[in-house]
Amino acid sequence: MADLNALFREHIQIRESSASEVLSKTGYDCLVISSGRPFTYFADDNDAPFHTVPHFNHWCPLGGAHHFLIIRPGRKVSLYRYSPEDFWYEQKPLGDPFWTPFFDIKEFSNLETLKESLKDFGKVAYIGNELDFLSDKDWAMNPEPITKHLDWTRSFKSNYEIHCILEAEKLGASGHRASREAFLSGASELEIHHAFVRAVGCTDDDLPYTTIVALNEKGATLHYHGKRAEIHKGSVLLLDAGAKWNGYASDITRTHVSPSCHERFQSLLKGMEKIQQDLCQSLKPGMHYADFHHDAHVRIGQLLVEQNLLNCSMDEAHTKGYTMPFFPHGLGHHLGLQVHDVAGKQLTPQGDAAPQPSAHPYLRTTRKIEEGHVFTVEPGLYFIPMLLRKYRDNGGANIFNWKLIDELTPLGGIRIEDNVLITKSGHRNLTREHLPN
Ligand code: GLY
Ligand code: MN
Ligand code: MN
């Protein structure tokens, strides 16, 4: 059983020393981070589900709007907690969670009173989205030297954060197991989605991202968000769904087939499962993510040639770009408090950008791979008519096996996605520990 208190102590100590360093370098006395304001829909009085400012959650797992953290070098972090009396919306009591000993907590039932107390902090750098509310403060609002530094530090996960992500993997894995069973018993997309959230034990609002529950051809729409209730007994399920624990996300994809699914598609799935696992096995610090992504194209090209979808050499499959319409997204992205976590393209703590490979504009991670990074490895192979059309119309006639492509297009595609932690000498697959297949 993990000692959350000890893990959190270490996590906060890292945050405090890193904040002290950047405050002193940039000449600020104090860092104020707020949990954020709700987003109200246009011409409406309904709010979107509340998402806490991730920088706030990096310091404190407390949920809800308008809380403020006051961080000053050498002092215990203050938490000004907004806890109004309210009969419209539930205001959960603070209780006694594991993290409270690390903060000086003051409660405020009135927001204006809270704001008036935000004073005498010296030169303040503020991080958050409550700019209108704070417009009378002479604070530096989201100054880049600070936000870039905070983003950078978020890409190196502490042991506490790894623990949170592992818990999110465990929850996500239970959702995936239940969904697979539902699929194999002929369930619709909507029913599979319900099986997922029931097993995770949450509502849709608690998910880190909208589930992608794609039967058959819908797997070729990368971020398909429909939930068809009328289609049952799919041949293929592409399920991209994760869970959250203390603000941290898992992001897991599995592709399943029914026993009667087209044999070639089943072979492609086996091939992609091997590619995904081989890619994970190759991971170690010092590699560049862009090279890793390129390696995925090489391997997918080989599979496409082996499986008779491309009639060219294995070299040509990737050098001539024939893999591009089959695998049009990036191999992965950093993961943490946000599903597409920050700093994947950052080269330095100051915010210099890593070069974007011109051939891969959708790659979200372009930096060197280092110990402590957590990111996804999610190769895909899809039959996307819109992307294949260009090759069908222009000279690709003899290279692409259109007969087979047309047979497989109704089956959508394949994606397999795990979340990995980079260790000193290799990697740890956080997803497979809870979802081996
Ligand atoms: N779940 C979205 C993604 O894999 O990036
Ligand atoms: Mn992902
Ligand atoms: Mn995903």
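First listed ligand is number 1; within each ligand, the first listed atom is number 1. Computed from a prediction, not measured in an experiment: that's the story for all the values here.
Y160 contributes atom OH, which lies 14.0 Å from atom CZ of R9 (distance to the nearest 0.5 angstrom). With rounding to the nearest 0.5 Å, the separation of OG in S282 from CE in M287 is 4.0 Å.
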For this session: Let me see the working for R364 and E378 under salt bridge (Lys or Arg N to Asp or Glu O under 4.0 Å), right down to the final yes or no.
Result: CA-CA 12 Å; R364 287 192 171 94; E378 48 179 307; over 6 Å; no
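Taking every heavy atom of both residues into account, I252 and H176 meet most closely at O-NE2, 3.1 Å.
Annotation: H340 places an N or O atom under 3.5 Å from an N or O atom of ligand 1; distance criterion only. Checked against a 3.5 angstrom limit, the closest N/O atoms of R415 and ligand 1 fall outside it. Ligand 1 has no nitrogen or oxygen under 3.5 angstrom from a nitrogen or oxygen of R364.
Set against the non-hydrogen atoms of H333, the atoms of ligand 1 under 4.0 Å away are 3 (C), 4 (O), 5 (O). The distance from ligand 1 to the heavy atoms of E417 drops below 4.0 Å at these ligand atoms: 4 (O). Listed by number with element, the atoms of ligand 1 under 4.0 angstrom from any heavy atom of D240 are 1 (N), 2 (C), 3 (C), 4 (O).
Of the possible donor and acceptor atoms, none in the side chain of H434 sits under 3.5 Å from a partner among the backbone N and O of L171.
Salt-bridge formation is not detected for the pair E181/R177: no Lys NZ or Arg NE/NH1/NH2 atom is positioned less than 4.0 Å from an Asp or Glu carboxylate oxygen. Salt bridge present: E167 and K170 bring a charged side-chain N and a carboxylate O closer than 4.0 Å. Taking a cutoff of 4.0 Å between a charged side-chain nitrogen and a carboxylate oxygen, R37 and E130 do not qualify as a salt bridge.
A donor and an acceptor atom, one from each side chain of K345 and Q356, are located under 3.5 Å apart.
With a cut-off of 2.8 Å, the Mn ion (ligand 2) has no N, O or S atom of H340 in range.
For F156 and H373, the ring centers sit closer than 6.0 Å to each other.
For the Mn ion (ligand 3), the neighbouring protein N/O/S atoms at less than 2.8 Å, given as residue and atom, are D240 OD1, D240 OD2, D251 OD1, E417 OE1.
Residue nearest to atom 1 (N) of ligand 1, selected from D251, I212, I252: D251 (by heavy-atom distance).
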